[in-house]
Amino acid sequence: MITRINVGPIHPGTHGVLRLLVDVDGDTIKRVETHIGFLHRGVEKLVETRMYMQSPPYMEKLDYIAPLAFDELLVAAIEGALGVEVKERAQYIRVIQLELQRIASHLLWLGTLANDVGQLATVFMWAFSDRDKVMRLLEESSGTRMFYVNQRIGGLIRDQPPDFKEHALPLLDYLEKRIPEFEATLEKNPIFTQRMKGIGVLGKEDAINFGVTGPVLRGSGINYDTRSNQDYYVYKKLNFAPQIQYRGDSYSRYKVRMLELRESIKVVRNALNKMPEGDALGLPVRLINPAVKNRIVRVSRETPRGEGMMYMVADPQRPYRLSIRSPSFVNLSVLDHISREHRFADLFAILASLDPVMADVDR
Amino acid sequence: MKTSRDDLIKTVEELQQKGFDYLIKITAVDYVQSLTVIYFLRKMADGSEETVEVELNPVDAWVPTLIKHFRAADWYEREMAEMFAIEIKGRQAHRLLLEKWDGVEAPLRKSFQWAQPYKSDTK
Amino acid sequence: MSIGNPFMWLTQALQSANIVSNIEALIVYAIFIAVLISVFDYLFGWVERKMIAKAHLRHGPTYVGKYGILQNLADFIKLLSKENIIPRNADRLLFMTMLPLLLAFSVFLIFLVPLSPTLQATNLGLGLLIIFVTLSFVPSIVFLGGVATGNKFADISAQRSVIMLVSYELPVILVLVAVSTLANGFNLGSIVAAQSPYWFIILMPLGFVIFFIGMLAELERPPFDIREADSELIAGWFTDYSSPYYMLGLFLDYTRMLLGSLLIAIIFLGGWLGPSFLPPMFWLLAKAVIISLAIVFIRVATVRMRINSLLRFGWIYLLPLSIINLIVTFIIFVK
């Protein structure tokens, strides 16, 4: 007998306003119908009425776990439209901030994952306290703790404080010691591995055909990372390597993110050591009739959740059309496919391993 | 790469045979005189990308579905259908993806009427 | 028959059934047990909150009273003063009775557990059997309570509770068979007496492990809190019970934990045996508290099991191991 259960839009397991209609036979999932759109704000339309540098604050509210990612993406699109080069020191600082943002975002994801597989918030609390330390660092670098709005065309609103490196390196060492602790708490527990391995398998062909991105794609054994494949900023100089796992289940997605945490720490450390002296300030916010060089721009960036893309048709004052490709949107669309024939309890472990942010899905 | 909507399936299949196996995004732009639907494709093997553009008449806007070629097209087409009032032919009827209210027609078209801002009654 | 004692007829009836000898003492003992349970529930609720907070790098309750010790009282008052909502499509009678019934079961079982050779309500010859037979009613009550709310999450939770019963009950009973052969009977007092040189945890460590895991499942403690899995089933069979019932549920949790710890202490850890400078009841309660703390430690560390893997675990590991335990016990100890 098939029962249809309504999960959400308010439910402790969905982390946001996601509604799932789950058809279960006893405890086995037969079908998942995903209802999204509860947070749809029409940002793409809203941006058409705003001047260029009025829009980044809206972009930060898309993926509110990693606000900087989409902020920087829009600024990069505007830079592409105006044909502005980013100063080299600013490139380094942006990489540092983006990677710190990725660390913060992945730490939050780790906490919620542990919560969703039923741990009593232990790893959740640990990860949150560590995330807060990373956000302190970001605050020191950018000026605000959560919603930064510090990206300016061609650079940043301000340079980093001079003693930033001395503050950042000890924290990176601390995090490097901390990540094995998180892993030990989870991976040494056979119940955890049992609940992650072989669950929610997304094969290689399916991963490509469904168009998933980011850790979900790399968890299925496909070596595609926008940071290395599209070569933006200074990632090539920083010894960056994409992290890949091959099983395609929840466990490999988990493992990819854990490895990415280490990789990000490495990249930040390299960037801090190699950062050149110089100027990092961008153009002022008020652009009076900027000269648009490229009418159509397309920019891709590796956000913590996958490849974010912006396609912009530029007018002199404001975007004529801004189309946002949100990584959570595609990753969430695969949920029905990979959670069939699993247990109801696994649905939330799978959902957590996809790591969608609902504000980003709905835009 | 520009093509017409009648040749769209053929073009996409040719590209698929060349190895373009990953659909990044389907989006549309309303240029008032015409409506452009854009398909971003990628070859996962080497990361090269290809763009397919289809120009439509805004009055008679429909495109064939690509859901048989890319399952990623499913949600993108639904999103585009409700944002631009572009009919997707050849696929099953679907419920609205992002919007749940009535009386709103194609919010991302340029002809979309913004709600009047609230004005207070006091003078 | 004198008129002085209105309960004489009851006493006589009970005496003729050979259950109790002194009804007044019984009432006093019942009050004592009620106070004991309340104090344990209250204090252990606070201890658990503080311990979990320490493990989480938090502070836990701090403001109400010294070290936040009155926080639970404040919560208690708040929960009692809230509205009790009964869903429209719930079965009112079952909805209202099942939770109090469950609590009554647990309190009654603690009442049956002897606290020392002299401090006990009754000396039942089949005490062990009666307690575990009564305990195995719990999932059926949970099932009724879950179905009665008419909520689909509660429904799944109710189904899970029945599956859980199948998975852990048999190994626990097999361990108890081994225990009763060692103790020559089902009387809890004689079980403790039989442990006087060596506790049963030394004589059959395997049995202890199986029994401890079984009791964790019995008490719905993590990693077996499958019925109330909060990240997937919201609160399981508890979802539609509003505030006063929720408080009752918390009370029930700790009462059952006391019961489980007492049983583990009596059956495997020598019950009230201990150095004689303190009364025997102290040793029993101290052991029970230590076991409860261990259960809380497990709660902090582990993640939740899936229902089918619990079933697998029960039948593939626990059941054969409990049979091996039984056979080994027979070979070594039974002449």
Side-chain angles (χ1 to χ4, degrees), chain A residues 1 3-8 10-15 20-29 111-130 132 184-197 199 342-352, chain C residues 48-49 51-60 147 150-164 213 216-217 220-236 239 295-313 316-317:
Chain A
M1 190 188 72
T3 322
R4 172 165 279 205
I5 301 176
N6 177 43
V7 177
I10 307 295
H11 185 278
T14 55
H15 303 298
L20 303 169
L21 284 178
V22 192
D23 290 348
V24 289
D25 182 8
D27 221 21
T28 313
I29 298 167
T112 50
L113 174 86
N115 231 8
D116 281 352
V117 293
Q119 198 186 40
L120 185 87
T122 311
V123 167
F124 182 79
M125 290 288 169
W126 293 359
F128 257 67
S129 72
D130 285 351
D132 215 60
T185 332
L186 293 173
E187 284 168 27
K188 286 194 179 165
N189 190 341
I191 303 174
F192 178 78
T193 46
Q194 201 181 30
R195 290 201 58 175
M196 302 298 280
K197 278 188 181 163
I199 299 298
H342 286 302
R343 297 287 159 159
F344 187 66
D346 289 329
L347 177 63
F348 299 96
I350 293 171
L351 186 61
Chain C
E48 185 179 25
R49 284 173 84 161
M51 269 178 61
I52 291 175
K54 271 275 177 293
H56 286 177
L57 313 174
R58 293 185 286 126
H59 293 292
V147 171
N151 181 312
K152 281 179 184 169
F153 290 109
D155 231 31
I156 292 186
S157 169
Q159 294 171 16
R160 285 183 180 187
S161 117
V162 177
I163 297 176
M164 269 175 80
I213 294 172
L216 278 182
E220 293 176 50
R221 279 282 154 177
F224 305 112
D225 56 339
I226 299 168
R227 280 195 284 231
E228 292 173 10
D230 53 349
S231 57
E232 56 223 43
L233 294 184
I234 307 183
T239 306
I295 291 173
V296 173
F297 272 127
I298 292 171
R299 183 179 178 200
V300 167
T302 186
V303 302
R304 188 181 305 116
M305 226 167 178
R306 212 185 315 141
I307 183 74
N308 56 342
S309 51
L310 172 63
L311 202 60
R312 218 181 127 79
F313 180 67
I316 293 186
Y317 298 105

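Below, chain A is the first sequence line, B the second, and so on; all start at residue 1.
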Pair C:T302-A:I191, side-chain contact (heavy atoms from CB on, under 4.5 Å): steps then yes or no
CA-CA 8 Å; C:T302 186; A:I191 303 174; 3.7 Å; yes
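Note: A:W126 leads A:F192, A:F128, A:W126 in heavy-atom pairs under 4.5 Å with chain C.
Heavy atoms closer than 4.5 Å to chain A are found nowhere in C:I163, neither backbone nor side chain. Within the 4.5 angstrom heavy-atom criterion, only side-chain atoms of C:F153, from C-beta onward, approach chain A. In this structure, chain C has heavy atoms under 4.5 Å from both the backbone and the side chain of A:R195. Contact of A:T3 with chain C is made through the side chain alone, with heavy-atom distances under 4.5 Å. For A:D116, the parts lying near chain C are the backbone and the side chain together; criterion is any non-hydrogen pair under 4.5 Å.
Rounding to the nearest 0.5 Å places NE2 of A:H342 at 10.5 Å from CG of C:N308. Taking CE of A:M125 as the reference point, atom CD1 of C:I52 lies at 10.5 Å (rounded to 0.5 Å). Here the straight-line distance linking atom CG of A:D346 with atom CD1 of C:I307 works out to 12.0 Å at 0.5 Å rounding. To the nearest 0.5 Å, atoms CZ (C:R306) and CD1 (A:I199) are separated by 4.0 Å.
Annotation for A:R4: atom CZ counts as buried by contact number, over 12 foreign heavy atoms lying within 6.0 Å.
Applying the ring pair (Phe, Tyr, Trp, His ring centres under 6.0 Å) criterion to A:F348, with sequence neighbours excluded, gives A:H11, A:F344. In this view, C:H56 satisfies the ring pair (Phe, Tyr, Trp, His ring centres under 6.0 Å) rule with no residue, not counting sequence neighbours.
In this structure, the side chains of C:R160 and A:D27 come closer than 4.5 Å at one or more pairs of heavy atoms.
The minimum heavy-atom distance between A:Q119 and C:V303, with the atom names listed, is CB-CG1, 3.8 Å. In terms of heavy-atom proximity, A:S129 sits nearest to C:L57 at OG-CD1, 4.2 Å.
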